[in-house]
Amino acid sequence: MKNSVLRLKLHQNKAHYRKEETVNNKMTYPLPTYSMIIGAIHNACNYKEYRPMDISIQGSYESIKREIYTDYCFLNSVMDDRGILVKLNNPDLLENGYKVIAKALKSQGNSFKKRITIEICDEKELDEYIRISDLRIKFQEENSSINQKISTKKDEIKKIKQEQKTKDKKSDEYKNMSDKINEINDEIKKIKDEFDERRKVEYLKPISYYASLTKSIKSYEVLYGVDLVIHIRSDEETLNDIKKNYHNITSVGRSEDFVDNIEISFVNISDEEDSFKHIKSKYKAYVDKEAVENKAIIKSNLSAHKVNFVPTRGTTYYINKNYVIENNKRVFEKKRVVYLSGYEFGLNISQYNYQNKAKGIYIDIDNKDIVSFL
């Protein structure tokens, strides 16, 4: 079977394709994931909804290095003994900036409120922070006093209700007792509301502008000299859109991982046996794990007759492709792939493609590249 797909050739001077589970040392995949390529395409074409497409990813890189950087992190609450005390320009938008007030100088034993082993950057703001933070104890004591007062009023309501049980429900006396209960409940609500509003204005809102910022040394794995060959299979309208807007693909991976030397063209692919005889991979690639298990892909140093005796090896990944929104969260569809180099076509390609129509192993007739769609 022959048909036409879109081929993209990209070059990146450097790139980082983040493995989601890594934190302190942010490791990279050797090639971008399907979701990264699909995301770059959808962004370039300004798609607001997912356009179904099958992707083949292969390529190479010259070297991999580790880059050190300083990571800044806001803690969930203000800590008195650690990190950097800052005042936010907007507590609801952390990216709007902040002002540094003081820095803790040791790993422990510091105190911003007591001015112990800290470097003061803004004396006036530190005084204001101490004043506001001290209000916490004041409002805690006041809240305790208010709770006692409310408890006394609730006891009063209990007594009235007990006495009310002895009265005729149609009597004026019973009605007056009900009015008294409502009056006391209104007083309780007023006391609570006034206290909550005052605490919000005087303490909760002002203290929300302060935060603890920590910094630590972390690292990125970065690939240098990356060349990518991407094949895209989709409906005709989508492929034409991509070809029309490919110049809008400015980065893949991080926003700073710029793309250059883009080539794009329609190419013919085939799974006819005469097309892929003696064709070997020129790049490293993500290959469908099932294709490897079914011997549709084998290592180049193995013949089709020996493949049953020596397993094809590679690194297995579960890689994101597209996602759906569930409970306001992205839930990705994972693809099981093998990262391989030095491979070639194996047995029963046409049969494998017939059984896996959404996937498929093909040859790029124009460039003699092995294409593995997922």
Side-chain angles (χ1 to χ4, degrees), residues 16-28 65-151 191-222 253-256 327-330:
H16 171 82
Y17 311 124
R18 171 91 181 271
K19 290 184 179 179
E20 307 92 324
E21 69 275 11
T22 59
V23 181
N24 290 334
N25 176 27
K26 294 180 179 177
M27 301 175 70
T28 181
K65 296 181 181 179
R66 193 171 70 161
E67 292 186 357
I68 305 300
Y69 72 100
T70 301
D71 179 73
Y72 291 88
C73 176
F74 285 102
L75 300 181
N76 290 330
S77 58
V78 181
M79 308 299 290
D80 183 58
D81 62 343
R82 69 196 70 179
I84 303 169
L85 178 65
V86 301
K87 185 174 184 179
L88 306 172
N89 291 335
N90 185 336
D92 299 320
L93 295 171
L94 296 180
E95 67 269 21
N96 275 17
Y98 56 84
K99 179 193 295 184
V100 176
I101 298 174
K103 301 176 182 179
L105 299 178
K106 299 195 302 183
S107 59
Q108 57 185 6
N110 314 287
S111 175
F112 293 114
K113 291 168 66 174
K114 297 179 180 179
R115 300 170 182 264
I116 298 175
T117 58
I118 62 171
E119 176 189 343
I120 301 174
C121 302
D122 192 317
E123 184 76 43
K124 183 178 179 181
E125 287 290 358
L126 180 61
D127 288 340
E128 179 65 5
Y129 164 74
I130 294 172
R131 182 192 72 79
I132 294 171
S133 60
D134 285 343
L135 291 176
R136 177 172 172 268
I137 296 175
K138 172 192 171 185
F139 279 107
Q140 283 179 340
E141 293 174 347
E142 187 174 343
N143 187 51
S144 178
S145 175
I146 286 173
N147 286 338
Q148 290 180 2
K149 186 184 295 185
I150 290 174
S151 178
I191 292 171
K192 284 182 176 180
D193 290 347
E194 288 180 350
F195 173 77
D196 289 343
E197 180 63 22
R198 194 156 47 82
R199 184 176 63 168
K200 177 182 176 181
V201 172
E202 296 181 21
Y203 175 68
L204 295 178
K205 183 65 175 177
I207 201 66
S208 70
Y209 280 84
Y210 297 92
S212 289
L213 184 67
T214 61
K215 63 179 183 178
S216 58
I217 302 300
K218 295 184 179 181
S219 62
Y220 275 112
E221 284 183 347
V222 179
R254 301 174 299 179
S255 59
E256 63 264 37
N327 298 322
N328 295 322
K329 294 182 180 179
R330 293 181 180 182

Inset, instruction - For Ile116 and Asn110, run side chain to side chain contact (heavy atoms under 4.5 Å, CB included): C-alpha distance rounded to whole Å, both residues' side-chain angles, the deciding distance at 0.1 Å, then the answer. - result: CA-CA 5 Å; Ile116 298 175; Asn110 314 287; 5.8 Å; no

Legend entry - Smallest separation among heavy atoms of Glu202 and Leu135, with atom names: O-CD1, 3.4 Å

Inset, instruction - Kindly determine whether Thr22 and Lys218 satisfy side chain to side chain contact (heavy atoms under 4.5 Å, CB included), including the steps that lead there. - result: CA-CA 11 Å; Thr22 59; Lys218 295 184 179 181; over 6 Å; no

Legend entry - Expected output: side-chain Asn143 to main-chain Phe139 donor-acceptor under 3.5 Å: no

Legend entry - Reported CG-to-NZ distance for the pair Leu85 and Lys113, which is rounded to 0.5 angstrom: 11.5 Å

Inset, instruction - Taking Glu221 for its side chain and Thr28 for its backbone only, find out whether a donor-acceptor pair lies under 3.5 Å. - result: yes

Legend entry - Heavy-atom closest pair, residues Pro206 and Ile132: CB-CD1, 3.7 Å

Inset, instruction - Rounded to the nearest 0.5 Å, what's the gap from OG on Ser145 to CD on Gln140? Could you check? - result: 14.0 Å

Legend entry - Exam field: side chain Asp80 to backbone Ser111, donor-acceptor pair closer than 3.5 Å: no

Inset, instruction - Identify the two heavy atoms, one from Val201 and one from Lys205, that lie closest to each other, and give their separation to 0.1 Å. - result: O-CB, 4.5 Å

Legend entry - Distance-minimising heavy-atom pair for Ser133 and Ile130: OG-O, 3.0 Å

Inset, instruction - Would you please test Lys103 and Ile84 for side chain to side chain contact (heavy atoms under 4.5 Å, CB included) and show each step? - result: CA-CA 4 Å; Lys103 301 176 182 179; Ile84 303 169; 4.0 Å; yes

Inset, instruction - Working to the nearest 0.5 Å, report the span between OG of Ser151 and CD1 of Ile146. - result: 13.5 Å

Inset, instruction - Determine the interplanar angle of the Tyr220 and His16 rings, folded into 0 to 90°, and report it as parallel if under 30°, tilted if 30 to 60°, perpendicular if over 60°. - result: perpendicular

Legend entry - Asp193 CG: over 12 foreign heavy atoms closer than 6.0 Å: yes

Legend entry - Flag if over 12 foreign heavy atoms under 6.0 Å of CD, Glu123: yes

Inset, instruction - State plainly whether the residues Glu197 and Lys200 are in salt-bridge range, i.e. N to O under 4.0 Å. - result: no

Inset, instruction - Would you name the heavy atoms of Phe112 and Leu126 that are closest together and state the gap between them? - result: O-CD1, 3.9 Å

Legend entry - Separation of Asn25 CG from Ile68 CD1 (nearest 0.5 Å): 8.0 Å

Inset, instruction - Answer yes or no: are there more than 12 heavy-atom neighbours, outside Arg198 itself, under 6.0 Å from its atom CZ? - result: yes

Inset, instruction - Give a yes or no on whether a salt bridge exists between Arg115 and Asp127, defined as a side-chain N under 4.0 angstrom from a carboxylate O. - result: yes

Legend entry - Residue pair Thr117 / Gly109: nearest heavy atoms and the distance that separates them: OG1-O, 3.8 Å

Inset, instruction - Take Glu128 and Ile101 through the test side chain to side chain contact (heavy atoms under 4.5 Å, CB included) and record every step on the way to the result. - result: CA-CA 10 Å; Glu128 179 65 5; Ile101 298 174; over 6 Å; no

When the side chains of residues 209-217 are checked against the rest of the protein, which donor-acceptor pairs come out under 3.5 Å, sequence neighbours left out?
residue, atom, partner, partner atom, Å
Ser212, OG, Met79, N, 2.7
Ser212, OG, Met79, O, 3.4
Thr214, OG1, Cys73, O, 3.3

Legend entry - Separation of Asn147 CG from Lys149 NZ (nearest 0.5 Å): 11.0 Å

Inset, instruction - Supply the atom-to-atom distance Arg66 CZ to Lys26 NZ, rounded to the nearest 0.5 angstrom. - result: 13.5 Å

